[in-house]
Amino acid sequence: MAFALNLPKLSLAGSGAVEDAVTVLSQQFVKKALIVTDTNLVKLGLLDTLLSALDSYSIAYEMFDEVLPNPTASLVRRGLAVYQKAECDCFIAVGGGSPVDCAKAIRIMASNDGDICDFNGVGKVTHSGAYFVAINTTAGTAAEMTSNSVITDEENQVKMVIIDAKQIPDIAVNDPSLMLGLPAATTAATGMDALTHAIEAYVTPGAHILTRPTALEAIRLISKWLPVAVAEGQNFEARDNLACAQFLAGMAFNSAGLGLVHAMAHQPGATHNLPHGVCNAILLPEVCEFNAETCPEPFRAVAEAMGGRTFDLNDKDAAALAVALVRQLSATVEIPSGFAELGIRDTDFGQWIDKAMQDPCLPGNPRQPSPDQVMQLYKQAL
């Protein structure tokens, strides 16, 4: 079976990328954009450059700035109503994974019949929809260039994972100047999210010759630059390297897939509205250790990309080194040590098991777990 590598039509990176994206957008003969973002980004002035560029090309816009972390199905429906009432004909998302995923979901509903909950799963989107520019302001999710969106079905308390290449934005924008000054905790969480993407994409059986190099380079860059960006929020070089790293990780998992970390991390995010990157970071070493019990070989390269020396280690010990380095990085950037710090109790786990077992990310894991093993992993992460 052939593998697929789906990417945006255009990816822009570096200073000035926002203005360049609007220039390209102006050539699409659009009239009015729906800007999907959150109020904090507007207040911080991170949209000023975008709005000025839109004005210079006389592109009208309607602002939908209600997005919160872990966007919900009801939020998507409200966004669709705004899009339709304002008679918009294109989308611009500004933010991290939440605004971009929300814009993806609104776009799906605007161009396909049915409710957003009908699209949960793989390959259910028929029409791509209106022209779409995704401007990333964090170095984590790679939502600006992937075929995934994650929306919380609040009625059923489950995170829906919509996977379809038709929702990939037309233009992906990564301007590191928009990431300067991002709070340390957010930087840490999004960076560990990107690390999870890269590691899961590397160890999955779906990895191939076009994804392994990008995954490893992402791991190397994140290991080197994430502590710098957390400690020095205004360090442009660190922000630039992390922006590239999360994009590389997105390239990898967009084709190779993800695994058990994400299948498990989606559940506390749905029921307790916890930050996705933090959930991933807490679960990552536990799942890596679990996977390495039966398939330790790929973790040697992970350890080496994180700066470990493995030439005199067997596969099992090299994998153990990789897990130790993941734990060390997580501690360095001050990720919570377990779910207990976030108010989770072991009585919460029972409601997550079946949903984790049904998550679309699970088939990509190199070792398929039983429900009892998933429960044990949650307990280890407490």
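Since this is a predicted model, take the numbers as computed values, not measurements. FYI, the numbering just counts along the sequence from 1.
- Using a 4.5 Å cut-off on side-chain heavy atoms (C-beta onward), Pro369 and Leu362 make contact.
- No donor-acceptor distance shorter than 3.5 angstrom exists from the side chain of Thr310 to the backbone of Ala318, with no hydrogens or angles considered.
- Side chains of Gln246 and Asn174: a donor-acceptor N/O pair is present below 3.5 angstrom, by distance only.
- One side chain, Ser147 or Asn254, offers a donor N or O that lies under 3.5 Å from an acceptor on the other.
- Thr72 places a side-chain N or O within 3.5 Å of a backbone atom of Leu75 that can act as its donor or acceptor partner.
- A heavy-atom distance below 4.5 Å is not found between the side chains of Thr137 and Thr37.
- Closest heavy-atom contact between Leu41 and Asp38: N-OD1, 3.0 Å.
- The shortest non-hydrogen separation linking Leu248 to Ala218 is CB-CB, 4.1 Å.
- When every heavy atom of Lys166 is checked against every heavy atom of Arg107, the shortest pair comes out as O-NH1, 3.5 Å.
- Classified by interplanar angle (parallel below 30°, tilted 30° to 60°, perpendicular above 60°), the ring pair Phe349/Tyr378 is parallel.
- Contact annotation: the side chain of Val278 approaches that of Pro336 to within less than 4.5 Å [non-hydrogen atoms, C-beta and beyond].
- The side-chain heavy atoms of Val228 and Glu237, taken from C-beta on, include no pair separated by under 4.5 Å.
- Side-chain atoms of Asn120 never come within 3.5 Å of backbone atoms of Cys117 as a donor-acceptor pair (strictly under, hydrogens ignored).
- One N or O on the side chain of Asp164 and one on the backbone of Val125 form a donor-acceptor pair closer than 3.5 Å.
- At least one donor-acceptor pair under 3.5 Å links the side chain of Ser223 to the backbone N or O of Ile219.
- Proximity of a side-chain donor or acceptor of Ser255 to a complementary backbone N or O of Met251 within less than 3.5 Å is not detected.
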Can Ser370 and Asp372 be said to form a side chain to side chain donor-acceptor pair (under 3.5 Å), step by step? CA-CA 5 Å; Ser370 68; Asp372 287 344; 5.2 Å; no

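- The main-chain N or O of Cys295 is never found under 3.5 Å from a side-chain atom of Arg367 such that the two would form a donor-acceptor pair.
- A 4.5 Å side-chain heavy-atom check between Ile222 and Leu242 finds at least one atom pair inside the cut-off.
- Taking the side chain as every heavy atom from C-beta outward, Phe64 and Ile106 approach each other to under 4.5 Å.
- The main-chain N or O of Val158 is never found under 3.5 Å from a side-chain atom of Lys355 such that the two would form a donor-acceptor pair.
- For the residue pair Pro285 and Val323, the shortest heavy atom distance occurs at O-CG1, 3.8 Å.
- The existence of a salt bridge linking Glu286 and Arg327 is confirmed by a sub-4.0 Å separation between a basic side-chain nitrogen and an acidic carboxylate oxygen.
- For Glu155, the CD atom counts as loosely surrounded, since its 6.0 Å shell holds 12 or fewer non-hydrogen atoms of other residues, nucleotides or ligands.
- Using a 4.5 Å heavy-atom cutoff, the side chains of Leu178 and Val173 are not in contact.
- Closest approach of Ala143 to Gly97, counting heavy atoms only: CB-CA, 4.0 Å.
- Between His266 and His262, the ring planes lie perpendicular to each other; the angle is over 60°, past the 30° to 60° tilted range.
- Crowding of Glu154 atom CD: a count of heavy atoms from other residues, nucleotides or ligands under 6.0 Å exceeding 12.
- Counted within 6.0 Å of CD on Gln368, heavy atoms from surrounding residues, nucleotides or ligands total more than 12; the atom is thus considered enclosed.
- Residue Asp113 places its CG atom among 12 or fewer non-hydrogen atoms of other residues, nucleotides or ligands, all under 6.0 Å distant.
- Note on Asp315 versus Arg300: salt bridge recorded, some NZ/NE/NH1/NH2 to OD/OE distance being below 4.0 Å.
- Taking all atoms of both residues into account, the shortest heavy-atom contact from Ala229 to Arg239 is O-NH2, 3.8 Å.
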